[in-house]
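Taking it in order: structure first as structure tokens, then the write-up.
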Amino acid sequence: MEPKRPDVLTITPWLAPIVWEGTFDMAIIKESFKFYNGIIATTVFAVAKYTRYLQDFLETAEKHYMVGLNVHFYVFTDQPAAVPNVTLAAGRQISIIKVPKFSRWQEISMRRMEFIQVAIEERIRHEADYLFCVDVDMKFHSHVGAEILGKLVGVLNPWLHQSARDNFSYERRLISKAYIPYGQGDYYYAGGFFGGHVEDVYKLVTTCRKNLEADKLVEVEAKWQEESHVNRYMLLNKPTKVLSPEYLWDEELGSGGSEIKIIRYATVRKNMKEVRENI
Ligand code: UDP
Ligand code: MN
């Protein structure tokens, strides 16, 4: 049989699939999940000015994200009243979890690990099978479904998916717990989308939280905050499935090269000066 995507890498050296359009048959996957009744937890943070992204995030998720499956969105926010009232399909629900607002955007972003850890301990592990943790300043544009489910799932950062290993923006200072030396590393994964079985994600978030806190004690902040720590974690704990940048696109990159056949989930252009708490 001819390979359907000879233009891209579709399997990692440790035999995890890399999911690109054309590598899977949606009808077969749909059929195999026909009787699947489990819940896919999805965490999203909307703190300070980022509540403005929730409406589009949730509305487009209803159109494209895990359609036909049970999804439990956990919206972490400092302003519960600002969570829009979006009508969800049967089997899908939203829970709001109140979190404090921190003054630095870096801290808002990094502390997600801690709040996700606590939410897994308190409820998510009793309520769901899978957990995906995503950025809110995003919209779904097309299908994101059961093909992404796996034990530990990472997504290729769209900015660096074609870069040579030594150009990945890993944390290079030995003092940080996110350190990855030159000559090591498989891919540059995104911090804005990762997931897997709840207990596997629990290991990731607890490890990243611990390492973020250790860095804080020695007053070092990894180059790309929690994304750097996710990269270190996934170097040591290889994802069992890797998603192509179709699953986390950035419109600043345009429509991408010929390898990008479809854009599924993409950032919304934002005015950093306006939405971020400090620049
Ligand atoms: N975030 C938030 N409020 C903030 C800053 C960040 O809620 O003031 C959350 C939000 O979920 C956002 C994520 O942290 O999607 C990561 O931050 P951001 O999207 O600004 O980082 P980028 O994707 O631009 O690196
Ligand atoms: Mn983002």
Side-chain angles (χ1 to χ4, degrees), residues 41-61 65 73-84 86 94-119 124 131-141 144 154-161 163 168-171 178 188-195 201 204-205 208-209 212 221-231 243 245-253 263-279:
T42 303
T43 60
V44 67
F45 284 69
V47 174
K49 295 188 180 141
Y50 281 56
T51 52
R52 67 182 61 182
Y53 300 114
L54 275 171
Q55 181 111 23
D56 277 351
F57 170 84
L58 291 167
E59 280 178 0
T60 59
Y65 178 69
F73 296 100
Y74 297 83
V75 177
F76 295 72
T77 183
D78 57 329
Q79 305 152 73
V83 177
V86 174
I94 297 180
S95 290
I96 298 173
I97 296 177
K98 187 137 196 271
V99 291
K101 176 185 150 197
F102 298 104
S103 54
R104 295 173 63 244
W105 65 264
Q106 294 90 336
E107 184 147 18
I108 294 174
S109 191
M110 285 188 291
R111 294 287 282 269
R112 287 187 288 180
M113 293 297 182
E114 170 188 342
F115 293 113
I116 296 168
Q117 180 192 338
V118 172
I124 297 175
L131 168 58
F132 284 86
C133 307
V134 300
D135 264 20
V136 74
D137 56 334
M138 311 274 306
K139 276 192 220 177
F140 292 91
H141 296 269
V144 174
V155 184
L156 301 180
N157 184 308
W159 289 92
L160 291 163
H161 76 280
S163 294
F168 291 159
S169 49
Y170 292 148
E171 173 55 58
Y188 189 75
Y189 301 102
F193 191 170
F194 56 83
V201 179
L204 181 153
V205 297
C208 290
R209 178 202 178 169
L212 282 155
E221 185 172 290
K223 185 167 180 164
W224 290 100
Q225 294 83 34
E226 76 290 349
E227 180 170 84
S228 305
H229 289 272
V230 167
N231 273 280
L243 307 182
E246 296 165 4
Y247 289 87
L248 187 66
W249 192 246
D250 191 323
E251 282 175 355
E252 277 181 43
L253 291 164
I263 291 172
R264 304 173 189 279
Y265 184 50
T267 51
V268 174
R269 258 172 212 273
K270 59 187 192 292
N271 178 343
M272 301 288 196
K273 279 207 176 64
E274 202 226 332
V275 296
R276 281 192 171 163
E277 291 303 291
N278 58 295
I279 290 262

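When a ligand or atom number is given, it counts from 1 through the structure's own listing order.
Paired with Leu212 under the rule side-chain contact (heavy atoms from CB on, under 4.5 Å), one option of Met113, Glu107, Arg112 passes, and it is Met113. Checked options Arg269, Lys49, Arg52; the residue passing with Glu274 is Arg52 (criterion: salt bridge (charged side-chain N to carboxylate O under 4.0 Å, His left out)). When each of Glu226, Glu227, Arg276, Arg104 is tested with Ser109 by the rule side chain to side chain donor-acceptor pair (under 3.5 Å), just one qualifies, namely Glu226.
When heavy-atom distances to ligand 1 are checked against a 4.0 Å cut-off, Lys49 has no atom that comes that close, whether in backbone or side chain.
At the top of the distance list for atom 1 (N) of ligand 1, counting protein heavy atoms only, stands Ile108 CG2, 3.6 Å. Nearest protein neighbour of atom 19 (O) of ligand 1, counting heavy atoms only, is Asp137 OD2, 2.9 Å. Among all protein heavy atoms, the one lying closest to atom 24 (O) of ligand 1 is Lys270 NZ, 2.7 Å. With respect to atom 23 (O) of ligand 1, the closest heavy atom belonging to the protein is Asp135 OD2, 3.0 Å. The single protein non-hydrogen atom nearest to atom 13 (C) of ligand 1 is Arg112 NH1, 3.3 Å, given as residue, atom name and distance. For atom 3 (N) of ligand 1, the nearest protein heavy atom (residue, atom name, distance) is Val47 O, 2.8 Å. From the protein, the heavy atom lying nearest to atom 20 (O) of ligand 1 is Tyr50 OH, 2.5 Å.
Listed by number with element, the atoms of ligand 1 under 4.0 angstrom from any heavy atom of Arg276 are 18 (P), 20 (O), 21 (O), 22 (P), 24 (O), 25 (O). Interface of Ser109 with ligand 1, defined as ligand atoms under 4.0 Å from a residue heavy atom, comprises 16 (C). Ligand 1 places these atoms under 4.0 Å from at least one heavy atom of Val136: 10 (C), 11 (O), 15 (O). Residue Phe45 has at least one heavy-atom neighbour below 4.0 Å for each of these atoms of ligand 1: 7 (O), 10 (C), 11 (O). Below 4.0 Å from some heavy atom of Ala46 lie the following atoms of ligand 1, by number and element: 7 (O).
With waters neither drawn nor counted, the protein N/O/S atoms under 2.8 Å from the Mn ion (ligand 2) amount to 3.
Residues Val275 and Tyr53 have side chains in contact (heavy-atom distance under 4.5 Å, counting atoms from C-beta outward). The closest side-chain heavy-atom distance from Trp224 to Asn231 is not below 4.5 Å.
A side-chain donor-acceptor contact under 3.5 Å links Glu171 to the backbone of Lys223.
Tyr265 and Phe140 have parallel rings, their planes meeting at less than 30° on a 0 to 90° scale where 60° marks the start of perpendicular.
Taking the side chain to side chain contact (heavy atoms under 4.5 Å, CB included) definition, one finds that Thr267 meets it with Met138, Asp250, sequence neighbours left out. For Glu114, the salt bridge (Lys or Arg N to Asp or Glu O under 4.0 Å) criterion is met by Arg111, not counting sequence neighbours. Scanning for salt bridge (Lys or Arg N to Asp or Glu O under 4.0 Å) contacts around Asp78 gives an empty result, with sequence neighbours left out.
Taking the six-membered ring wherever Trp is involved, the centroid distance between the rings of Phe76 and Phe115 does not fall below 6.0 Å. Aromatic ring centroids of Phe194 and Tyr189 lie 6.0 Å or more apart.
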